[in-house]
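Scroll down for the structure; my scribbles are underneath it.
Atoms considered below: every heavy atom in the structure, side chains included; atoms not considered: hydrogens, waters and symmetry mates. Protein chains get the first letters and strands the later ones, always in sequence-line order, with residue 1 at the start of each.
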2 protein chains.
Amino acid sequence: MSNETQSSTADLGEAAPGADGELIRSGRDATATRRALVRAARRRFATDGYRATTVRRIASDVGVNVALINRYFVSKEGLFEACMLRTSDELETQASTPSKSIDEVIERLIEHVVNAPDRDDPLQLLLLLRSSGDENADLIRRRTLEHFTRRLAAAAGWRPDDRESEAILLRAQLAIATSLGVVMLRTSAAVQPVASASGDDLTAPLRQIFGVLLGRSEQ
Amino acid sequence: MSNETQSSTADLGEAAPGADGELIRSGRDATATRRALVRAARRRFATDGYRATTVRRIASDVGVNVALINRYFVSKEGLFEACMLRTSDELETQASTPSKSIDEVIERLIEHVVNAPDRDDPLQLLLLLRSSGDENADLIRRRTLEHFTRRLAAAAGWRPDDRESEAILLRAQLAIATSLGVVMLRTSAAVQPVASASGDDLTAPLRQIFGVLLGRSEQ
DNA sequence: CCTCGATGTAAGCACTTGCTGACTTGATGA
DNA sequence: TCATCAAGTCAGCAAGTGCTTACATCGAGG
């Protein structure tokens, strides 16, 4: 019901959005179409799942011929893997400021969850739940999730090779599981009242959960 | 890797398991095959999703011809709807003891989550996240989840038409979202360390979360 | 024994899906 | 101007999918 077969080549418009304005937009920019394909694919894969997403649909989203997917990414699985890699990279750089307090990290995670249905990026988390059956992509997916877990756990006081703090790792993953569950219920499942809840309503309970799990403010 | 193309007609064996022992098992028992098909389908749908599940696969799981699916359930969507209905019924009767304390309800939910990867029934929760695109089945799915939410919320003190306790409803759904997230991470995503965590390790943090969310012991 | 309805099977149709190879189109430089 | 090559299109194949139709087989009643 949301976006159907329109949009044509529109998505290509913001390729090389003006970084230094050399390539104005010739309509024939390989890297731009590649990026547009990944963007469209990621959205589809995240919301509809791997199998339910067709390459024809992705191509039509971008307004480009299907054959380009095979030209640029070899196969549907190749495109999926590219999506995984890109998502992995983005999550990496987003969380690349290591010296954050646990409170800041929690606030960021909450914002991520709350904004998921509206913005594009937070759907990355959803994508990390999807599996294609491809070994490679699945490895990337799991590694990214585990990396994400360790980052969160580290902010909560977990240190590698410390048997005492091992439980923190598990708790961090429970926090991520909670986030994933909420995002799923809000986007895919469309279940009331979570789906229609305002961000403000969600923030308080989420803060409580994450606080309990990750020991907000030295608790 | 778990169950492949074997099993043949084995699943039919436990049809009419001995309720009153009239129909011994003729090998040609319509209701038994129907039940076996629903059981196999539910497992496939829950773990692999709707689109990735093929009717041929389900039929082969049971050891029966594909055409029977269309004979008994009209279509793949019909079979999916039957799965939803059955799951809805089971969750209904499981929680049909209304006068439970919130602590008991929480313990049950925890047990549900912890046992999900091993047993059959807890995967029902996972199934409730899957969508087929069929209007009817989707309605059942959402209604069941919302019903489940209200039950949990009611145990936590929520009363209909009470604006004050409206937040409890949201918190109950957050608890369900958490459960769903954990089950997903443990079964589908296979992410460490949650996937390999023992039930005991999970119980304590989960109890904490649900306690904070649902006000365990009059908090 | 034979008929008849119910249970199950085999073959295949119509359609989708991922993918391919040959082709066209546009930009660029000698 | 035009040869060249990358960027993109087109038609179609092979496999897979849901589903249907015609047929086989079993159990029971006349």
- Message: Under the side-chain hydrogen bond (donor to acceptor under 3.5 Å, both in side chains) test against B:R44, which residue among B:T54, B:D61, B:T53 passes?
- Response: B:D61
- Flag the pair B:R108 and B:E104 as a salt bridge only when some basic side-chain nitrogen lies within less than 4.0 angstrom of an acidic carboxylate oxygen. no
- Taking only Lys NZ, Arg NE, NH1 and NH2, and the carboxylate oxygens of Asp or Glu, determine whether A:R141 and A:D138 approach each other closer than 4.0 Å. yes
- For DNA chain C, whose closest nucleotide is more 5', that of A:R71 or that of A:V66? A:V66
- Query: Taking for each residue the nucleotide of DNA chain C bearing the nearest heavy atom, is the 5' side occupied by B:A30 or by A:E77?
  - Reply: B:A30
- Among C:dC19, D:dT9, D:dT20, which nucleotide sits nearest the side chain of A:N65? D:dT9
[atom1] of [X] versus [atom2] of [N]: gap in Å, rounded?
X      : N      : atom1 : atom2 : answer
B:R57  : D:dG18 : CZ    : C1'   : 17 Å
B:F80  : D:dT17 : CZ    : P     : 18 Å
A:L37  : C:dG18 : CG    : P     : 14 Å
B:D29  : D:dA28 : CG    : P     : 12 Å
B:F73  : D:dC19 : CZ    : C1'   : 15 Å
B:L68  : D:dG18 : CG    : P     : 15 Å
B:N70  : C:dT7  : CG    : P     : 16 Å
B:D134 : D:dG18 : CG    : P     : 15 Å

- So CE of B:M84 and OG1 of B:T144: to nearest 0.5 Å the spacing works out to 7.5 Å
Protein-nucleotides 12-16 of chain C N/O pairs under 3.5 Å:
unit_1 : atom_1 : unit_2 : atom_2 : d
C:dG12 : O6     : B:R56  : NH2    : 3.4

- Message: Taking donor-acceptor contacts at under 3.5 Å, does the side chain of B:R28 reach the base of D:dG27?
- Response: no
- Determine whether A:E77 and A:E135 make a side-chain contact, defined as any pair of heavy atoms from C-beta on separated by less than 4.5 Å. no
- Message: Any non-hydrogen side-chain atom of B:D134 less than 4.5 Å from a side-chain atom of B:F80?
- Response: no
- Residue among A:L170, A:L174, A:L169 satisfying side-chain contact (heavy atoms from CB on, under 4.5 Å) with A:T149: A:L169
- Verify the contact: side-chain N or O of A:Y72 to OP1 or OP2 of D:dG8, cut-off strictly under 4.0 Å; return yes or no. yes
- Give one of base, sugar-phosphate or nothing for A:A67, where a contact means two heavy atoms less than 4.0 Å apart. base
